[in-house]
Amino acid sequence: MKTKMDFPSINQRDPDGIGPDGKAYRVLIVDDSMFVKKQLGQILSSEGFEVVATAGNGEEAIQLYKEHHPAVDIVTMDIT
């Protein structure tokens, strides 16, 4: 079975989710769509971000933010 090392990288760069101190930025994802939450989580995780929690509405987001503060660097929110 081939591993990641068997394929050359054509786009070598540092992940966007890693800060200058080498630690991952921590993210709270807020969206009412389970699909969008999952997709955002996968995209952000693949870039080195750490998803600390996901919320389905504003009330849940506020509660989770209070629980995880100050361990949240970024909050993503749905427009509606």
For this session: Among residues two or more places apart or on two chains, list those pairs meeting side chain to side chain donor-acceptor pair (under 3.5 Å) that have a residue in residues 16-25.
Result: none
Exercise. So, the side chain of Arg26 versus the backbone of Ala71: is there a donor-acceptor pair under 3.5 Å, distance only?
Worked result: yes
Problem set entry | Same apolar cluster: Leu64 and Val52, side chain cutoff 4.5 Å | yes
In a table with atom names and distances, give each donor-acceptor pair under 3.5 Å that connects a side chain of residues 38-45 to protein atoms at least two apart or in another chain.
{"from": "Ser45", "atom 1": "OG", "to": "Gly41", "atom 2": "O", "distance (Å)": "2.8"}

Exercise. Heavy atoms, side chains only, cut-off 4.5 Å: are Val30 and Val75 in contact?
Worked result: yes
Problem set entry | Atom of Asp73, atom of Ala24 and distance for their closest heavy-atom approach | OD2-O, 4.2 Å
Exercise. Apart from Met34 itself, what residues make up its hydrophobic cluster when side-chain heavy atoms of I, L, V, M, F, W and Y under 4.5 Å apart count as a link, directly or indirectly?
Worked result: none
For this session: Please round to the nearest 0.5 Å and tell me the distance separating atom OG1 of Thr76 and atom NZ of Lys37.
Result: 10.5 Å
For this session: Sequence neighbours left out, what pairs pass side chain to side chain donor-acceptor pair (under 3.5 Å) with at least one residue falling in residues 51-68?
Result: Gln63-Glu67, Tyr65-His69
Exercise. Can you name the residues that form a side-chain contact (heavy atoms from CB on, under 4.5 Å) with Ser33, not counting sequence neighbours?
Worked result: Asp31, Phe35, Val36
Exercise. Nearest heavy-atom pair of Ala61 and Leu28: which atoms, and what distance?
Worked result: O-CD2, 3.8 Å
Seminar exercise, completed: Cluster membership besides Ile18, Ile/Leu/Val/Met/Phe/Trp/Tyr side chains within less than 4.5 angstrom, sorted by chain and number, is none
Exercise. Do Val51 and Ile74 sit in the same hydrophobic cluster, where Ile, Leu, Val, Met, Phe, Trp and Tyr count as joined when their side-chain heavy atoms come under 4.5 Å apart?
Worked result: yes
